[in-house]
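Worksheet for the structure shown next.
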Amino acid sequence: MNFKFKKYWRKTGLNPKWGNKLIELVNQKKPNHFLEIGVFCGVTSRNVCEFLNLIHHGNFTYTGIDLFSNESEDNNEKKPAYIKHQKFSNPLKHLYYNLIIKENLNSLGSVKKFLKKFENKVTLHKGNSNKVLKNLDITKIDFAFIDGGHSYQTTFNDLEIVYQNMKGRKGTIVCDDYQDASYITEVKKAIDNFVKKENLNLKIIEGKFAVIEL
Ligand SMILES: C[S@@+](CC[C@H](N)C(=O)[O-])C[C@H]1O[C@@H](n2cnc3c(N)ncnc32)[C@H](O)[C@@H]1O
């Protein structure tokens, strides 16, 4: 596979190593309808769209959900430090995004603009997945990347709704941050309890990605 995960000079939750591993999984499953809970600045979204476009010649959809705000400050989520403020280790990015164009990369407008190339394939929803998912038609989703709220309840709810919609069909659910981030402990508990409740097999990739294959 020649495809390489790119950072597009933005901020990303997945570094290229993990971005490439996710793309490898996508390549194995070749889904047509991708859901990402926790879009952040859209870098994984853009890579997934580029890749699906390549393998399916335009026959795909991408659905993304994110708070696109600081709302998670109030709702118990364990928010990684790099998301709290638009901090960049690269001073040039700080200069460009914060001082010159004054663009919040984790805003709906910024991600829409960044994914414009695929605008007729992409649907973005602003809001809390605990509320938004219930009202969405996700019955066609055949690959879900769950990487939004990292609290026990949100991880469990996201899994529950995605699984109920995928059950009985072929599909893949990948959760990020199973046990690799020391500041996040609730994700692992939620995933373990969920697979136990539903009697599902769980595959763990290097302690980070938790994969449920249906
Ligand atoms: C770790 S980042 C996602 C990284 C992204 N998947 C990537 O690969 O670049 C988590 C994102 O989830 C969003 N988020 C947190 N709690 C959420 C919730 N309850 N519903 C929807 N989005 C949420 C945050 O705003 C943040 O952008």
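The structure presented is a predicted model; accordingly, all values stated were derived computationally and were not measured. Values reported hereafter were calculated over all heavy atoms of this structure, with side chains retained and with hydrogens, waters and symmetry mates removed.
Ion pairing between a basic and an acidic side chain is recognised when a charged N comes within 4.0 Å of a carboxylate O; D192 and K188 show such pairing. Ion pair E160/K197 flagged as a salt bridge, since at least one NZ, NE, NH1 or NH2 atom sits closer than 4.0 Å to an Asp/Glu carboxylate oxygen. Using a cut-off of 4.0 Å between Lys/Arg side-chain N and Asp/Glu carboxylate O, K6 and E50 are scored as not salt-bridged. Classification of K17 and E206 as a salt-bridged pair holds, one side-chain N sitting under 4.0 Å from a carboxylate O. For D142 and K29, the salt-bridge test fails: no basic side-chain N is under 4.0 Å from an acidic carboxylate O. The residues E119 and K116 are annotated as salt-bridged, a charged nitrogen and a carboxylate oxygen being separated by less than 4.0 angstrom.
Nearest heavy atoms, P31 versus V26: CD-O, 3.4 Å. Of all non-hydrogen atoms in I191 and C175, the two that sit nearest each other are CD1-CB, 3.5 Å.
For the pair N47 (side chain) and I23 (backbone), a donor-acceptor distance under 3.5 Å is absent. Side chain of D137 to backbone of T139: a donor-acceptor contact under 3.5 angstrom is found. Looking at K102, its side chain never comes within 3.5 Å of a backbone N or O of Y97 through a donor-acceptor pair. In this structure, the side chain of Q86 engages the main chain of L105 through a donor-acceptor pair within 3.5 Å.
Using a 4.5 Å heavy-atom cutoff, the side chains of T155 and E186 are not in contact. When side chains are defined from C-beta on, F143 counts as touching V174, because their heavy atoms get closer than 4.5 Å. Using a 4.5 Å heavy-atom threshold, the side chains of F3 and I55 count as separate. The side-chain heavy atoms of E36 and T44, taken from C-beta on, include a pair separated by under 4.5 Å. Within the 4.5 Å cutoff, no side-chain heavy atoms of C41 are placed close to those of T12. By the 4.5 Å heavy-atom criterion applied to side chains, V187 and D176 are not counted as neighbours.
Side chains of S129 and D158: a donor on one and an acceptor on the other come within 3.5 Å. Judged by distance alone, the side chains of N104 and N106 never bring a donor and an acceptor atom under 3.5 Å apart.
Ring centers of F114 and Y8: under 6.0 Å apart, within the cut-off. If you look at F5 and W18, their ring centroids are not closer than 6.0 Å.
For the atom pair L159 CG and Q164 CD, the distance stands at 11.0 Å (nearest 0.5 Å). With values rounded to the nearest 0.5 angstrom, K7 atom NZ is found 7.5 Å from N15 atom CG. To the nearest 0.5 Å, atom CZ of residue F40 and atom OG of residue S45 are 11.0 Å apart.
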Carefully, step by step, assess E103 and S110 under the rule side-chain hydrogen bond (donor to acceptor under 3.5 Å, both in side chains). CA-CA 7 Å; E103 179 169 325; S110 174; 2.6 Å; yes

